[in-house]
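Working notes for the structure below.
Just follow the structure's listing: the first ligand is 1, and inside any ligand the first atom is 1. The figures here come from the full heavy-atom set of this structure, side chains too, leaving out hydrogens, waters and symmetry mates.
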Amino acid sequence: MNRTLQVYKFGGASVKDAAALLNLHTILQSRLQTNKLIVVSAMGKTTNALEAVLAKKLEQANFSKEWEQIKHFHLEVCEELFPPAHPVIEKIEQLLDTAQPILDLPISKINYDEVYDQLICYGELLSSLVVSEYLTFKGLTLAWQDARSVIHTDSDFRFAKIDWEKTRSACQNQWAGLLEHTTILTQGFIGRDPLGLTTTLGREGSDFTAAILATSLDAESVTIWKDVPGVLNADPKLFPNTLKFDELRYREAAEMTYFGASVIHPKTIKPLANAGIPLFVKSFLDPEASGTKIHEHAAPHEVPTLVLKKNQVLVTFKVTDFTFIEEQHIQKIYEQLQVLKLRVNMLQVSAITVSIVLDTQLFKLEQLVESLKTAFEIRYNEELELLTILKPRVEEIPMLMEGYALLLEQTTRTTYQAVRRKK
Ligand code: ASP
Ligand code: MG
C-alpha cells in the first residue's frame, strides 16, 4: 500500500517552453519532500507536429523540414535552460536517431495506426528527457522511467486498451519499491503491447496514464496541473463569465468529459472513482490556489455546463429502397464505425435516415462513405460544432445560438445538444 503517494500530471502547456520549465521547477521544488510520481506529456504542440510529419510521409512528400523543426524546438528550449555542451543535447540527438528506421519505412509497409504509435511516442520521450534532465540539473532528485515498462496494453494501436492486471503487477514489482526512495518521472500517453511495440492510449491520454498509475500503485491522490484555475463550467477561451467548480462528483466530471470537455481525458475518472482516489485539477500558473477537487462526496450543484466540440462532421445515411430505418441499418453503420474506430458524438434516427456526428479524422470519412455507399445514400456536412449544455437553462439557449445556423438539435431533461455552423 502506498496511500501517501501523490501522482502529478503535467500536460503539454505546462512544459511548452523554457519559462514553463522554470515554473515547473518552482512548483516541484517545494513539493518533493515526499516522493511523487510525475507524468509528463509532449511539450507544447509536439504531438501535432509529429502527426504532421507522418501525414507528409504518407503523402510521399518531403518531411525533413517538419522533422528538423521538432528537433530544433527541443534544442532551443535546452539552449535557454542548460549551459553550453550539456549532455542533454547529445541525448536528444541520440534519441531522435532511434526514430530513423520508422521515418525510413517504405510506404508500402506502413500500417498507419501501428506506425503512428511508433513515431508519435517521441513527443513524450523527448519531453520526459528534457524535463528530467532539467530538474536534475536544478538539484532535484528523481528517476526517469520508461512508462512502457509498466503500462501494458493490447495491440489496438492509437486506442490501446490497458491490461490492468499486468500493469498493476509491473507497477508494484518495478516501481513501488523505487518510489520509497525517490520521485519517478515518466511519460503519459504511451504503453507497450505484448510483442514489445509501443502503443498510445488516444490523444490527450496522459491524464489517463496518471489515473492508471495511481490506481496500480494505490496512490493517495492525482493532481492534473493545467493552465486554468480548475474545472470550469465552460472553456474560458470560448465563453465569457465562466465559473470554477470547487468540487465535483466523479459522475459529473465524467459526464462533462464524455461530451467533450477537454479539461480531463474521458477515461481518467472511472479508475479513480472505482478506487476512491480523489482527482485535483489545479493551475500551474497559481499553484497555491485550491483548484477543483473531484471526489465522491461533493455537494450537488445546478450550474449549467457548456461543452463545445469543434471540427465535427454530420453524416446522414438515407435508405434507398423505400423501407424504413430498422435495427439492422443502424447495426450496419455501427459495425463500420467500429472497424474505423470512430466514435459517435450524437445520433438521430428518423423514418428514413440515420444521422451521426463524428470528430473529423484524416481519411476516415472517405473510408466510411466508401464502405457504406452501396447500402445508403450518404451526405455529409463538415466544419461544424457540437454544443452540449448540461443542466441547461432553457431561456439562455437562444442567446448562445445567436449567429449560428442550426443543423440538428436534441433535448433531454438534463442535456441540450445542437449541431451548428457559424453564419
Ligand atoms: N501528447 C499527447 C497529445 O497531445 C498526449 C497528451 O497530451 O496527453 O495528445
Ligand atoms: Mg497534449
Side-chain angles (χ1 to χ4, degrees), residues 7-17 20-21 24 37-55 66-67 69-71 73-74 77 95-96 99 112-113 115-132 146-148 151 153 156-162 185-192 198-214 222-228 231 235 237 253 257 260-272 279-282 284 309-311 341 343 359-362:
V7 178
Y8 281 0
K9 183 261 170 172
F10 291 94
S14 64
V15 290
K16 71 174 196 286
D17 53 23
L21 289 192
L24 176 68
L37 174 55
I38 303 168
V39 176
V40 293
S41 301
M43 293 168 74
K45 300 272 175 252
T46 304
T47 306
N48 293 351
L50 286 161
E51 284 186 347
V53 168
L54 187 56
E66 285 75 8
W67 182 249
Q69 259 167 11
I70 293 172
K71 181 168 167 178
F73 167 72
H74 289 85
V77 171
L95 176 60
L96 286 171
Y112 179 72
D113 289 348
V115 171
Y116 179 100
D117 285 1
Q118 310 318 304
L119 186 65
I120 301 303
C121 64
Y122 278 85
E124 271 65 20
L125 293 174
L126 281 165
S127 164
S128 65
L129 169 64
V130 172
V131 173
S132 101
D146 192 328
R148 294 171 295 183
I151 302 277
T153 72
D156 189 5
F157 297 105
R158 289 180 66 217
F159 302 95
K161 310 288 170 306
I162 301 300
L185 183 124
T186 194
Q187 311 78 31
F189 183 51
I190 63 176
R192 183 162 277 155
T198 301
T199 52
T200 65
L201 310 181
R203 284 302 307 263
E204 307 302 328
S206 297
D207 294 349
F208 185 35
T209 300
I212 297 162
L213 294 173
V222 174
T223 305
I224 297 180
W225 295 88
K226 305 272 309 181
D227 57 357
V228 285
V231 179
D235 182 342
K237 291 178 197 122
T257 65
S262 61
V263 61
I264 311 164
H265 186 274
K267 288 186 181 163
T268 311
I269 309 288
K270 188 178 160 198
L272 296 178
L279 171 63
F280 294 89
V281 178
K282 278 166 74 88
F284 59 78
K309 259 178 166 292
K310 295 193 173 184
N311 298 323
K341 301 179 193 173
R343 198 195 99 163
D359 292 344
T360 302
Q361 276 191 47
L362 203 61

message: Using side-chain heavy atoms (C-beta onward) and a distance below 4.5 Å, is D359 in contact with N311?
response: no
statement: When every non-hydrogen atom of W67 is compared with those of V53, the smallest separation belongs to N-CG2, 3.9 Å
task: Provide the number and element of each atom of ligand 1 under 4.0 Å from a heavy atom of T47.
output: 1 (N), 2 (C), 3 (C), 4 (O)
query: Should we say atom NZ of K161 is surrounded by more than 12 heavy atoms from elsewhere, each under 6.0 Å from it?
result: yes
message: Just to check, does G205 reach to within less than 4.0 Å of ligand 1 when the distance is taken from its heavy atoms?
response: yes
statement: Numbered in order shown, the ligand 1 atoms found under 4.0 Å of a heavy atom of R203 are 3 (C), 4 (O), 9 (O)
statement: ligand 1 to E124, heavy atom cutoff 4.0 Å, flagged ligand atoms 1 (N), 2 (C), 5 (C)
field: Proximal atoms of ligand 1 relative to F189 (non-hydrogen, under 4.0 Å)
entry: 2 (C), 5 (C)
field: 4.5 Å side-chain heavy-atom contact, L54 and Y112
entry: yes
message: Pairing donors with acceptors under 3.5 angstrom, does anything connect the side chains of D117 and T200?
response: yes
H265 heavy atom under 4.0 Å from ligand 1: no
Distance filter under 4.0 Å to S41 heavy atoms, resulting ligand 1 atoms: 6 (C), 7 (O), 8 (O)
- request: With heavy atoms of A42 as the reference, note each atom of ligand 1 found under 4.0 Å away.
  value: 1 (N)
query: Given side chains that start at C-beta, do those of T47 and R203 come closer than 4.5 Å, heavy atoms only?
result: yes
- request: Would you check the N or O atoms of D207, main chain and side chain alike, for any that come under 3.5 Å of an N or O of ligand 1?
  value: no
- prompt: Do F10 and S206 have side-chain heavy atoms sitting under 4.5 Å apart?
  reply: no
